[in-house]
K.L.:
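Okay, handing you the structure first.
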Number of protein chains: 2
Amino acid sequence: MVEEQRTQTPAPGASPGSSGSSRRRFLVAGAAAGLGVAAGARAEELPVPASSLKMGAPIPPESYGMPIEFEAHVKRRRSDVFKNKQNYSDWSMTPLHQQVGIVTPNGLFFERHHNGVAKIDPEQHRLVIHGLVEKPLAFSMSDLMRYPSVSRFHFMECSGNTLTDWREPKAVTVQQSHGLLSCAQWTGVPLSWLLDEAGVKPEGKWVMFEGGDGSGHLRSIPIEKVMDDALLVYGQNGEMLRAEQGYPLRAFFPGWEGNTCVKWLRRIKVVTEPDQIRGETARYTDPMPNGKWRQYSMEMECKSVITNPSGGMSLKGPGLYEVQGFAWSGRGKVTNVDLTFDGGRTWREAALEEPVLDKCLTRFRYRWNWDGSPAKIASRAKDTTGYVQPTVEEIARVREIVGFVQHHNGIFPWSVAQSGEVANAIA
Amino acid sequence: MVEEQRTQTPAPGASPGSSGSSRRRFLVAGAAAGLGVAAGARAEELPVPASSLKMGAPIPPESYGMPIEFEAHVKRRRSDVFKNKQNYSDWSMTPLHQQVGIVTPNGLFFERHHNGVAKIDPEQHRLVIHGLVEKPLAFSMSDLMRYPSVSRFHFMECSGNTLTDWREPKAVTVQQSHGLLSCAQWTGVPLSWLLDEAGVKPEGKWVMFEGGDGSGHLRSIPIEKVMDDALLVYGQNGEMLRAEQGYPLRAFFPGWEGNTCVKWLRRIKVVTEPDQIRGETARYTDPMPNGKWRQYSMEMECKSVITNPSGGMSLKGPGLYEVQGFAWSGRGKVTNVDLTFDGGRTWREAALEEPVLDKCLTRFRYRWNWDGSPAKIASRAKDTTGYVQPTVEEIARVREIVGFVQHHNGIFPWSVAQSGEVANAIA
């Protein structure tokens with residue numbers, strides 16, 4: 001299929017902003033590798049395409065458009081590695097290798113549900129704020145949407161992203177290894193405004209969020225995060241939330257693991273301490289070397305991955321390739337991304353694409369001259385706190401990597417074989 | 001319908017970042033006006049919703065998601081004012097009053113076609129660069145997508161946006177008056193890189209772009225703009241272009257009128273002077289007071305409009321309202337937006353929402369205390385060149401406003417009646 005070919009073939013050539021001489025070098029190298037530019041000696045004589053010789057499709061009186069049939073292969077997909085028999089407490093993953101820019105289309109935004117997708121009539125929906133507050137409050141969606149709103153670009157990542165690939169290469173593609181990651185512009189109301197109105201009592205130190213879905217998904221969040229930058233969001237990428245993202249209302253904690261951002265949000269209760277519910281004890285915790293488990297590690301650490309080339313793609317011979325990928329941090333902005341092509345022995349700095357935003361996906365790129373010999377490539381990101389994305393070995397020194405382990409932000413390598421085939425090289 | 005109610009009711013209350021005292025003032029004012037917050041004295045006793053008592057919809061193996069049925073009224077729509085009998089050389093308009101944030105979803109991005117929507121198989125598509133170049137070039141989509149790419153947020157506006165409403169109020173809603181305006185993150189290849197490769201001859205001063213649709217839409221662009229920031233785009237908001245936006249390839253000239261951004265792009269010819277084709281003589285020109293017509297006025301001047309409240313909405317009595325809207329400029333960034341509530345006698349500065357990007361939609365907001373008497377509201381934007389959005393009267397002093405006139409960037413007023421009804425107040 002031609003689109004698979006296109007999206008699986010990384011671009012050779014100069015990085016943006018490179019000099020004229022490097023662009024000329026691209027041309028030469030591209031020609032040398034048999035790639036890219038074909039001379040059209042008598043360009044005027046190319047046949048007029050069929051599309052120019054007939055009328056196109058009419059414009060309907062009203063519409064909500066969809067992708068063209070030639071892009072039908074670009075889909076979010078359930079896991080190939082975890083073959084869940086049920087598809088209610090399950091997930092679907094974003095095709096990161098087919099994403100351009102930093103905005104994930106809503107139709108391709110990853111999903112994670114604990115009991116399927118709830119359908120809620122916004123006219124019937126109510127949000128309650130209660131517990132340790134001076135004045136319990138209830139809101140209809142109409143009430144909430146009369147408040148001033150803010151819109152902010154932020155990534156969202158599931159705490160379980162990449163958990164199939166700690167020690168052994170199981171995921172074939174980056175969609176399967178890293179596709180529990182997406183990015184959007186979120187619109188909603190800062191929750192601190194509503195809690196100020198309710199009046200949090202001095203003993204209120206944690207806040208519990210409950211969803212109106214069949215799982216009654218719950219999380220407890222420290223009051224500091226809630227008052228700092230938590231949002232009640234109803235909008236995503238210019239329109240109302242999709243059902244899969246919690247329509248009509250979800251919590252959003254910038255930079256924190258996706259499961260804290262409770263969907264179909266119906267209840268906010270201010271409490272003295274975390275609720276220790278199932279999602280905070282049996283799940284979303286980190287085993288430690290001493291046999292204990294770390295709880296409430298909800299901030300997503302700095303991470304990155306190369307999306308082009310990535311697993312399942314194939315390079316068409318030696319030459320210049322534009323390596324691309326995403327970097328992100330739950331603690332701030334990405335400041336640097338370094339790339340290795342020799343399995344971590346040496347590192348070179350990639351270019352970051354503007355705008356570089358706080359707690360947001362950032363694209364990086366680098367012009368790589370592949371000499372045709374086997375290579376092991378990976379990216380390593382650094383954020384504004386100075387934190388550097390660790391190797392799995394470094395993570396394993398402070399945590400226990402056993403079982404169904406969350407929070408894998410380790411450096412993730414791909415191998416490039418002499419044949420050009422790219423594969424998951426985690427080990 | 002509840003969603004219409006929600007989107008048509010502007011938010012009262014404090015602006016983002018306002019002080020605690022103004023938030024408290026919102027609460028009091030909201031309560032006084034009977035809006036917003038309802039006390040839930042026994043919040044715990046609110047009934048558990050039906051959605052919590054059953055399983056949700058399962059996750060399909062693969063999917064491209066769509067909006068929930070409750071948002072089915074959010075659509076792009078053909079003009080209510082120009083009742084075109086045909087729908088091939090026609091347009092559909094973005095529901096700006098229902099947009100949150102700055103990203104227009106691809107399904108709601110406005111359309112303007114000269115002969116319907118072409119359907120082009122990307123495997124068959126070719127782009128030719130010829131004319132006054134050293135070496136004519138032909139590209140397949142696969143060739144083009146191997147080049148390095150850039151991704152940039154920019155608005156796109158049709159030169160005919162707002163042309164129904166120069167002197168008389170014809171459009172009822174802002175979708176109908178200003179909906180030939182949208183914004184996206186665009187991904188593609190800087191055209192200067194390809195022209196450098198082709199080698200533009202010294203006598204090449206203009207560049208002609210031709211689409212592969214049934215209209216053979218053509219435009220001529222000065223070489224300076226082409227070499228400055230023109231893009232060949234294949235991606236929009238994270239995915240490949242939609243058919244309606246020129247799949248698989250369109251030209252993009254940041255800040256310039258939409259019709260220059262030729263869709264289904266198949267031919268680029270370097271020439272000595274503009275081609276004077278139909279779209280540059282009979283259309284897309286500006287009548288002047290001396291009886292002559294101005295051509296090639298392709299840069300979209302600074303403009304703004306209030307989207308909340310806007311035509312067709314209704315305010316629910318005196319009180320605090322958050323006024324919101326969009327500002328943009330084809331020449332740079334928006335630096336200021338001023339609002340009037342008394343028909344232009346006095347002006348107050350609105351807040352701009354970050355990120356404020358070059359040639360991109362910028363959201364503004366202002367907390368307005370409506371006293372319940374008739375009001376005439378409007379916005380006035382200023383850009384980094386110092387240019388201030390003019391009134392229609394000011395435009396009429398230098399141009400002739402007669403017939404099917406393009407490039408209406410005048411200040412656009414809405415009236416608010418004592419009943420709260422909001423209407424088009426252009427005069």
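Model, not experiment: these values are computed from the prediction. In what follows, every chain begins at residue 1, and chains take the letters A, B, ... in the order their sequences are listed.
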K.L.:
What's the spacing between B:N237 CG and A:Q99 CD if we round to 0.5 Å?
P.N.:
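CD of A:Q99 is found 10.0 Å from CG of B:N237.
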K.L.:
So, taking the atom named CD in A:E353 and the one named OG in B:S151, what distance separates them when rounded to the nearest 0.5 Å?
P.N.:
4.5 Å
K.L.:
Quick one: which of A:V189, A:L357, A:D213 has the most heavy-atom pairs under 4.5 Å with chain B, could you say?
P.N.:
A:D213
K.L.:
Pick whichever of B:H125, B:R152, B:M66, B:E239 has the most heavy-atom pairs under 4.5 Å with chain A.
P.N.:
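It is B:M66.
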K.L.:
Which pair of non-hydrogen atoms, one from A:E111 and one from B:S63, has the smallest distance, and what is that distance?
P.N.:
OE2-OG, 4.1 Å
K.L.:
In terms of heavy-atom pairs under 4.5 Å with chain A, which of B:G214, B:P190, B:G107 leads?
P.N.:
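The residue among B:G214, B:P190, B:G107 with the greatest pair count is B:G107.
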K.L.:
Working to the nearest 0.5 Å, report the span between CZ of B:R363 and OG1 of A:T187.
P.N.:
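OG1 of A:T187 is found 7.0 Å from CZ of B:R363.
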K.L.:
Is B:E244 in contact with chain A via its backbone, its side chain, both, or neither, using a 4.5 Å heavy-atom distance?
P.N.:
side chain
K.L.:
So which atom in B:S149 and which in A:Q324 form the shortest heavy-atom distance, rounded to 0.1 Å?
P.N.:
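Reported closest heavy-atom pair: OG-NE2, 3.4 Å.
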K.L.:
List in chain and number order the residues that pass ring pair (Phe, Tyr, Trp, His ring centres under 6.0 Å) with A:F109, two or more places apart in sequence or in another chain; answer none if no residue qualifies.
P.N.:
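A:W186.
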K.L.:
Less than 4.5 Å to any heavy atom of chain B: does that hold for the side chain of A:D90, its backbone, both, or neither?
P.N.:
both
K.L.:
Which atoms of B:R242 are under 4.5 Å from chain A, going by heavy atoms: the side chain, the backbone, both sets, or neither?
P.N.:
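Only the side chain of B:R242 comes within 4.5 Å of chain A.
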K.L.:
Kindly compute the distance separating OG (A:S142) from NZ (B:K316), expressed to the nearest 0.5 Å.
P.N.:
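Output value for this atom pair is 7.0 Å.
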K.L.:
Evaluate the side-chain proximity of B:M55 to A:Q86: yes if any heavy-atom separation is below 4.5 Å, no if none is.
P.N.:
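Of all side-chain heavy-atom pairs linking B:M55 with A:Q86, none is under 4.5 Å.
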K.L.:
Taking the side chain from A:R365 and the backbone from B:V150, do they hold a donor-acceptor pair closer than 3.5 Å?
P.N.:
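Not at all, since once roles are kept as given, no pair shorter than 3.5 Å links the two residues.
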K.L.:
Could you tell me which portion of B:K119 (side chain, backbone, both or neither) has an atom closer than 4.5 angstrom to a non-hydrogen atom of chain A?
P.N.:
both
K.L.:
Please state whether the side chain, the backbone, both or neither of B:W91 comes within less than 4.5 Å of a heavy atom of chain A.
P.N.:
backbone
K.L.:
Using a 4.5 angstrom heavy-atom cutoff, name the option from A:P60, A:P61, A:S215, A:S79 with the most pairs to chain B.
P.N.:
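Winner by heavy-atom pair count: A:P61.
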K.L.:
Which pair of heavy atoms, one from A:A243 and one from B:I68, lies closest together, and at what distance?
P.N.:
CB-CD1, 3.8 Å
K.L.:
Side chains of A:V74 and B:Y64, heavy atoms from C-beta outward: is any pair under 4.5 Å?
P.N.:
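The answer is no; the side chains never approach within 4.5 Å.
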K.L.:
Among B:P95, B:P105, B:G101, single out the residue with the greatest number of heavy-atom pairs under 4.5 Å to chain A.
P.N.:
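Highest number of pairs under 4.5 Å: B:P105.
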K.L.:
When you compare the side chain of B:Y247 with that of A:E71, does any pair of heavy atoms fall below 4.5 Å?
P.N.:
yes
K.L.:
Would you mind reporting whether B:R266 and A:S52 have side-chain heavy atoms less than 4.5 Å apart?
P.N.:
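Side chain of A:S52 against side chain of B:R266, heavy atoms only: contact under 4.5 Å found.
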K.L.:
Side chains of B:F153 and A:P355: does their closest heavy-atom pair fall under 4.5 Å?
P.N.:
yes
K.L.:
Counting heavy-atom pairs under 4.5 Å to chain B, which of A:V48, A:T104, A:N84 comes out on top?
P.N.:
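The answer is A:V48.
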K.L.:
Counting only non-hydrogen atoms closer than 4.5 Å, does B:N115 touch chain A with its backbone (N, CA, C, O), its side chain (CB onward), both, or neither?
P.N.:
both
K.L.:
Heavy atoms only, distances under 4.5 angstrom: which of B:Q124, B:K75, B:Q236 has the most pairs with chain A? Name it, please.
P.N.:
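Highest number of heavy-atom pairs under 4.5 Å: B:K75.
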K.L.:
Between B:A72, B:G65, B:A50, B:S92, who has the most heavy-atom pairs with chain A when the cutoff is under 4.5 Å?
P.N.:
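Result: the option with the highest number of such pairs is B:G65.
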K.L.:
Quick check for you: among A:A118, A:G212, A:G235, A:S89, which has the greatest number of heavy-atom pairs under 4.5 Å with chain B?
P.N.:
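Heavy-atom pair counts peak at A:G212.
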K.L.:
Closest heavy-atom contact between B:F70 and A:D121?
P.N.:
CZ-CA, 3.5 Å
K.L.:
May I ask you to decide if B:I59's main-chain N or O and A:N87's side chain share a donor-acceptor pair within less than 3.5 Å?
P.N.:
yes
K.L.:
Looking at every non-hydrogen atom in both residues, tell me the closest pair between A:Q185 and B:I102 and how far apart they are.
P.N.:
OE1-N, 2.8 Å
K.L.:
Measure B:E69 against the heavy atoms of chain A and call it side chain, backbone, both or neither at under 4.5 Å.
P.N.:
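Looking at B:E69, just its side chain touches chain A.
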K.L.:
Got a second to check how far B:N308's CG is from A:M145's CE, nearest 0.5 Å?
P.N.:
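Reported to 0.5 Å precision, the distance equals 9.5 Å.
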